[in-house]
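Order of the sequence lines sets the chain letters (A, B, ...), proteins ahead of strands, with each chain counted from 1.
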Amino acid sequence: MSDLDLLDSAPVADESKILEGLNDSQKEAVSAPLCNALIIAGAGTGKTRVLVSRIVYLISHYRVKARNILAVTFTNKAAKEMRERIGMYLNANDTHHLWANTFHSTCLRLLRAYATQAGLTPGFLILDTDGQNSLVKRIMQDLQIDIKEIKPSEFASRISSLKEKGIRADDFHKRINYIKNTNKKSSDTAEKLALVYTAYERICNQENSVDFAEILLRTVELLRTNTAIREIQNERFREILVDEFQDTNSIQYELLTLLAGKDSHVMVVGDDDQSIYSWRGADYTNMKKFLNTFPDVHQYLLSLNYRSTQNILDMANTLIEKNFERVMLKNLKGNNGTGSQVSIFKCANNRVEELSVAKEIQSLKDQGVKLSDIAVLYRNNYLSFGFEQALTKAKIPYVIYGGQKFFDRAEIQSALAYLKILVNKKDDTALLRIINLPARKIGPKVVESLRNISNEHSCSIIEAIEYLHEYVSSSEASKELKTLYSKVSAFYNLYIDLISKKETMRLHEFVHHMLTVTGLYTFYSEKDAKEGKSEEDNSRYKNLGVLVSNVKEFEASVEQGEVSVDSENEVESEDLLILYLTNITLVSGGEINENGSDEAMPFECVNLMTIHASKGLEFKYVFICGFESDILPSSRKSSSGDSSLEEERRLAYVGITRAKEQLVISYAKSRTMFGKNELKGASSFLYDIVGSYENSDNKPYKIVAKI
DNA sequence: GGTATAACGATTTTT
DNA sequence: TCGTTATACC
C-alpha cells in the first residue's frame, strides 16, 4: 500500500460513534462481516441510517477504500440524501471517490467511459419519455400503423419493458416466430410491435441516442460480452450496496450480478411490503432470488419502528397481514407510545370530505402546527383538485408534488431540441421538432424531400442539409435541389451561426442568444399575448427565461465542482452543454421555481401528493383521502387477480406508515367523477381493518361521521 | 398555416 | 366534466 492509499483509507470517524445510538439489530447489520447480505427493513426502521452507517463502517473499520464502494438507489433524491449524510462522516476526498448514484447514472457513467465498446458514439444523448413517444409515433406513421388503434405511448412503454427484460427486437421476432410455429396464432399487435421495435432500435442507433431502459440494457450487454471491462469493474466494486431492493427489475438484478466479482459483496436493503412499482417492472421476488442465488447471504431484519405511534403501526400491521405473498413476515413495533387514535372520516360526499380535511388542517394550524408537517395523500392525481379548492378557500397554502414538470413543457422541450442538435447532429427527432418552429415555411413536403436525401446518403437530416449546401454552391445542381436548398438556407445559416457562437460564449449567454435568434422568445411571447396570458402566471416566455437561469445556475455549480465531472481518466471530460442536457434528463427532472433553481419552497405549505410519491417520506400529520372502493384498491386492479390487489394493499400500507403522530383516513360515500355522481363505499381494506377489531375494546381508530 | 370542431379517454411515475 | 389532439376547412 502506498502512502497515498493509506491516506485515502484513513479512518475518518470514530468507530464507536458510528454504532452509537443504533439498536441491536441495526448494529448487527452495520457491523456485519464482509459478506453478501439481505436486510429486510420495515417502514420507518432506519433503513437509510443503516446504509449510511454501513458505508462509513466499511471505510473506517474494514479499511475498504471509498473508490471500491458502490451505493445504488432508485431516485436522485435518495442518492442525494445518501451522499449528504455520508458526507457528514467522511472527508471530502473519500466522498468524492465514492459512487452513490441511481442505477441509471451509474450505468451512464460506465457508458460514457466505454461508449465505443458499447457501440455508441461519444457524446450520445438521452432520449426522454417524450422523445421516445414522438419517435415511436413517427415510426408508426411511416409504417402506416394506425395510431388511433394503438397509441404510440403504448408501444413505447412496451418497448421499454421488453428492454427491461433484456429482450432485443431480434429476440422478440424470434419469440413471435416461435409462437407462430407452435401455436400458429400470434397476435397482430405483437407483430406490429416487433416491426416498430426493430425500426426504433435502428433509428436510436442512427441518431446516437439512448432511452432510459437502453442505458441499463447496454451496460448489461457490455459487461456480459466484454470480459476485460467486466473484470475491471469487478476489481473496482468490492462492496456494492442497494437501497429499495424490492423495486429492482430483472435487468437491474442482472447488472448487480455482473458488477459484483467473485471477491465482491452485495448488501441489499428492502421491504417487500413496500413494493408498489410492479407495474413498472419491479419484482420484489428478487429478494428471494437474491437469497437463493448469491453465495452465503446473511440475513438481517429491522422491525423496530422509530417513526410512528403504535396505533398507526397497528393499523398498518393489521392491514398488511391480509397479504399472502410476503417474503418475510414482520410486525412493526414502535417506540413512540400508543399515541392518539387514527380518525376515520366517514363523509357523505367528496365535497364534505374536502371541506372536513381543510377544516381539520385549519385547526391544526391554529394549534401552531407547521404546515409542512402535514400531508394530504391520495391514490389518483385527479383527486387533488377538490382539496386544492378547499384549501384555497380556507387560505391555506399548499404545494403539489408531481403534475406537469418544468422540463416537460412544450416551450422548454423546443428550446432543448435546438440545443440537442448542436451537440448531436444525428438527432433527427430533435431536429424535426424545431425545423419549422417558429414557422419558417418548411412544411411536410420539404421535410419529406430532406428525409429522402438523408435516406439515400444514410445520414441525418442536418447532414443532408449540409450536403445540399455544399452541392448547390459548388456544382451544377438540378433546379429541384436548388429550390429545395433555398427553402432551408435560412435555417442552415441559423444552424451555422449557433454552432460557431456556442464556442465563444458562456453557456447561459449562449442559450439566451439561441432563444433570441431562433425567434423562440418572440414566438412564445406572441403566443402568450394571443391567449391573454399575463406576464406573470406561467407564461411560456417567462419559462424560457427560467431555463436560462437554470443553465446559469448549473454552470456555476459545475465551476464550483458540485457536479462531478469525474477526474479519473476512465470518464472523459465533456462538453458543458452535453453535461447540462444529460443532467436535466437524468438528474433534475423535477419542478423548478421561477429562479431556475430546484430549492425547496421557502414558505410553509401543506404537502399534497399521491401515495406513490410519498414513499420514503414522513410527516407528523397525514390525511389519506379517497379511501374508497374503486379508488384504493383501484377499480382496474381489484378485479384482476390477487397479486395486483396485494400491491394496492401495500400501497395503502405505505400511505399509513408515512404518519408519525396523527393519521386521518377519509372516504366519501358518494363522489362526483367525470361529471357523474357515483356511489362508492369505504375501501375493502377499511372493512378488513375494522373487521379485525370487531370485538376489541382497544381499537386503534375511531370513526367520525361528517355530513 | 392557423382555426374550429369533433372525438376521445381519464392510475400510479422514476429514470 | 374537462382537457388534449387529430382532422377538416378556410
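- Distance from the side chain of A/Phe212 is smallest for B/dT15 among the nucleotides B/dG1, B/dT14, B/dT15.
- The environment of A/Lys192 atom NZ is dense: over 12 non-hydrogen atoms of other residues, nucleotides or ligands sit within 6.0 angstrom.
- Judged by atom type and distance alone, A/Thr129 reaches the base of B/dT15 through a side-chain donor-acceptor pair under 3.5 Å.
- The side chain of A/Asn381 places an N or O atom within less than 4.0 Å of a non-bridging phosphate oxygen (OP1 or OP2) of B/dT13.
- Taking atom CE on A/Met673 and atom C1' on B/dA10, their separation rounds to 9 Å, with Å as the unit.
- OP1 and OP2 of B/dT12 both lie 4.0 Å or more from every side-chain N or O belonging to A/Ser634.
- Stacking is found between A/Trp279 and the pyrimidine-like six-membered ring of the B/dT12 base under the 5.5 Å centre-distance and 30° plane-angle cut-offs.
- Distance check on atom P: B/dT11 versus C/dT4 gives 15 Å, rounded to whole Å.
- In this entry the distance linking NZ of A/Lys441 with C1' of B/dG2 reads 14 Å, nearest Å.
- Across A/Tyr197 and A/Ala169, no two heavy atoms sit closer than the pair CE2-N, 3.3 Å.
- Checked for salt-bridge contact, A/Arg326 and A/Glu646 miss the test: no charged N lies under 4.0 Å from a carboxylate O.
- Between A/Phe212 and A/His104, the ring planes are perpendicular. Angles over 60° get that label, and only those under 30° would be called parallel.
- One interatomic measurement links the two molecules: CG of A/Asn350 to C1' of C/dT1, which rounds to 13 Å at whole-angstrom precision.
- Between A/Lys151 and B/dA10, a side-chain N or O to OP1/OP2 separation shorter than 4.0 Å is present.
- Spacing between atom CG of A/Asp408 and atom C1' of C/dT4 amounts to 15 Å, rounded to whole angstrom units.
- One can place CD1 of A/Ile215 at 12 Å from C1' of B/dT14, the figure rounded to the nearest angstrom.
- Distance A/Lys676 NZ to C/dT1 C1': 10 Å, rounded to the nearest Å.
- Side-chain atoms of A/Arg379 stay outside donor-acceptor range of the base of B/dT11, with no qualifying N/O pair under 3.5 Å.
- To the nearest 0.5 Å, the span separating CZ on A/Phe103 from OG1 on A/Thr73 amounts to 8.5 Å.
- In this entry the distance linking CZ of A/Arg671 with C1' of C/dT1 reads 15 Å, nearest Å.
- Here the P atom of nucleotide B/dG9 and the OH atom of A/Tyr382 are 17 Å apart, to the nearest Å.
- Out of B/dT15, C/dT7, B/dT13, the shortest distance to the side chain of A/Thr102 is found at B/dT15.
- Residue A/Ala439 places its side chain closer to B/dG2 than to any other of B/dG2, B/dT11, B/dT13.
- When distances run from any side-chain atom of A/Glu648 to the nucleotides B/dG1, B/dT11, B/dT15, the shortest one goes to B/dT11.
- Using a 4.0 Å heavy-atom criterion, one finds that A/Lys137 contacts the sugar-phosphate atoms exclusively.
- Taking 4.0 angstrom as the limit, A/Asn380 places none of its side-chain polar atoms (N or O) nearer than this to OP1 or OP2 of B/dA10.
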Next item on the list: Take A/Asp273 and A/Tyr284, measure what side chain to side chain donor-acceptor pair (under 3.5 Å) needs, and give me the verdict at the end.
Entry: CA-CA 9 Å; A/Asp273 289 334; A/Tyr284 66 88; over 6 Å; no

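- Of the two residues contacting DNA chain B, namely A/His612 and A/Ile442, the nearest-nucleotide position lying further toward the 5' end is that of A/Ile442.
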